[in-house]
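Basis for what follows: all heavy atoms, side chains included, without hydrogens, waters or symmetry-related copies. All values reported here derive from a predicted model rather than from experimental measurement.
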Amino acid sequence: MIVFLSLGSLGIVGGSFLIRKAFSSTTDAKIITNTSRYSEIRNQLWASPAEIQHFPREISANTKDVRIAYSPGVAQASSFLQVREKQSPAQIQTLLTKYRKLAKRQYQGGDTNVHANLPNGIPTTFFYTGDTGGESFPPSYEILVLNAKDRGTPGFKWNHGDSYGVAIDSTAAEIVYWAEKW
């Protein structure tokens with residue numbers, strides 16, 4: 001009976017994320033490479049700066065391979081902001097050391113569905129800024145959750161909430177800053 005209830009609760013968590021993904025894949029999601037819009041998007045999406053304080057304040061003109069993905073969310077739809085950029089290998093190692101110390105959870109590759117359904121797992125993000133349109137981070141990415149808050153109701157864990165953090169690929173010298181609300 002306990003095993004059945006545990007499997008049922010995993011199905012609810014997984015199902016809610018699959019439903020959320022189906023709705024967040026609508027035309028509201030945007031990917032841009034024009035970094036001049038970054039400050040506008042960053043400040044427009046998040047009234048509370050806590051979830052995005054780890055994001056760069058601005059993106060300099062010499063930052064390479066920048067991709068920004070966002071969905072403003074409407075009504076009860078989810079919203080997210082994700083910034084992917086290349087840095088020097090030395091900068092990536094510095095950032096990796098810094099964020100490992102701050103992380104509340106660490107995952108290797110995967111996506112929010114995988115992470116949320118692990119024992120004591122929590123929601124993370126999908127790879128919205130990926131090159132191939134894939135939804136999961138490759139295993140080369142270390143996903144570091146800086147914080148996550150369950151705002152769901154009793155019996156329906158993670159129905160609503162937020163999470164934020166970084167995903168770092170040391171080999172490719174890339175960092176992805178992310179924040180989500182659903």
Side-chain angles (χ1 to χ4, degrees), residues 17 20-21 24 29-39 41-43 45-46 48-71 78-150 158 161-182:
F17 281 100
R20 183 174 67 86
K21 179 58 181 162
S24 71
K30 298 174 180 32
I31 295 179
I32 62 168
T33 56
N34 178 359
T35 59
S36 67
R37 295 198 51 219
Y38 174 66
S39 290
I41 293 165
R42 183 180 188 270
N43 295 328
L45 286 181
W46 261 265
S48 170
E51 292 94 0
I52 58 169
Q53 69 185 11
H54 65 290
F55 278 70
R57 293 243 182 265
E58 59 185 37
I59 297 175
S60 68
N62 59 352
T63 304
K64 297 178 185 167
D65 300 327
V66 177
R67 291 185 66 148
I68 302 167
Y70 72 99
S71 177
S78 65
S79 60
F80 66 83
L81 175 61
Q82 198 172 92
V83 176
R84 177 180 168 200
E85 61 185 32
K86 280 205 176 282
Q87 297 283 337
S88 73
Q91 288 171 313
I92 288 295
Q93 287 307 310
T94 299
L95 291 168
L96 188 59
T97 300
K98 172 185 173 179
Y99 289 121
R100 276 182 178 158
K101 289 177 185 173
L102 299 173
K104 295 187 178 185
R105 295 280 202 317
Q106 293 179 258
Y107 300 104
Q108 205 65 41
D111 62 46
T112 192
N113 289 330
V114 171
H115 304 146
N117 285 306
L118 291 171
N120 298 315
I122 57 174
T124 56
T125 191
F126 292 99
F127 195 14
Y128 298 113
T129 55
D131 293 333
T132 61
E135 297 174 350
S136 289
F137 285 91
S140 57
Y141 276 89
E142 187 171 335
I143 292 83
L144 303 167
V145 182
L146 302 180
N147 203 7
K149 292 185 181 162
D150 180 6
W158 294 109
D162 57 69
S163 67
Y164 57 92
V166 295
I168 298 176
D169 184 336
S170 298
T171 306
E174 290 183 340
I175 184 168
V176 177
Y177 299 90
W178 58 271
E180 291 217 26
K181 292 189 271 188
W182 60 93

Side chain to side chain contact (heavy atoms under 4.5 Å, CB included) between T124 and T112, intermediate numbers included: CA-CA 5 Å; T124 56; T112 192; 3.9 Å; yes
Under the salt bridge (Lys or Arg N to Asp or Glu O under 4.0 Å) test, residues paired with D169 that sit two or more places apart: none
With T129, the side-chain hydrogen bond (donor to acceptor under 3.5 Å, both in side chains) member among E174, R67, Q82: Q82
Main-chain N/O of G109 paired to H115 side chain as donor or acceptor, under 3.5 Å: yes
Contact check, side chains of Y128 and S71, non-hydrogen atoms, under 4.5 Å: no
Mutual orientation of the aromatic rings belonging to Y99 and Y177 [parallel < 30°, tilted 30-60°, perpendicular > 60°]: perpendicular
Heavy-atom side-chain proximity of F55 to V83 below 4.5 angstrom: yes
Side chain proximity check, V166 to L95, heavy atoms < 4.5 angstrom: no
T97 side chain to T94 side chain, donor-acceptor N/O pair below 3.5 angstrom: no
Flag if over 12 foreign heavy atoms under 6.0 Å of CD, E58: no
Distance-minimising heavy-atom pair for A69 and I31: CB-CG1, 3.9 Å
Inter-residue atom distance D111.CG - F126.CZ, 0.5 Å rounding: 5.0 Å
Pairwise side-chain contact, L96 with S170, heavy-atom cut-off 4.5 Å (strictly under): yes
Those residues that, when tested against Q91, pass side-chain contact (heavy atoms from CB on, under 4.5 Å) (two or more places apart): Q87, S88
Ring-ring centroid check F137 Y107, cutoff 6.0 Å: no
R100 versus E142, closest heavy-atom pair with distance: NH2-OE1, 2.7 Å
Expected output: side-chain R37 to main-chain I32 donor-acceptor under 3.5 Å: no
E180 side, atom CD; T125 side, atom OG1 - distance, nearest 0.5 Å: 3.5 Å
Pairwise distance CD1(I168) to CD(Q93) - rounded to 0.5 angstrom: 8.5 Å
Under 3.5 Å: donor-acceptor pair, side chain of Y141, backbone of V176: no
Rounded distance [0.5 Å steps], CD1 in I175 versus CG in L144: 8.5 Å
Atom NZ of K149 with >12 non-hydrogen neighbours under 6.0 angstrom: no
E51 vs L81, side chain to side chain contact (heavy atoms under 4.5 Å, CB included): CA-CA, chis, key distance, verdict: CA-CA 10 Å; E51 292 94 0; L81 175 61; over 6 Å; no
Residues T63, T35; criterion side chain to side chain contact (heavy atoms under 4.5 Å, CB included); working and verdict: CA-CA 10 Å; T63 304; T35 59; over 6 Å; no
Atom of P56, atom of Y38 and distance for their closest heavy-atom approach: O-OH, 2.6 Å
Straight-line distance of N147 CG to R105 CZ, nearest 0.5 Å: 10.5 Å
With S39 via side chain to side chain donor-acceptor pair (under 3.5 Å) - residues at least two apart: none
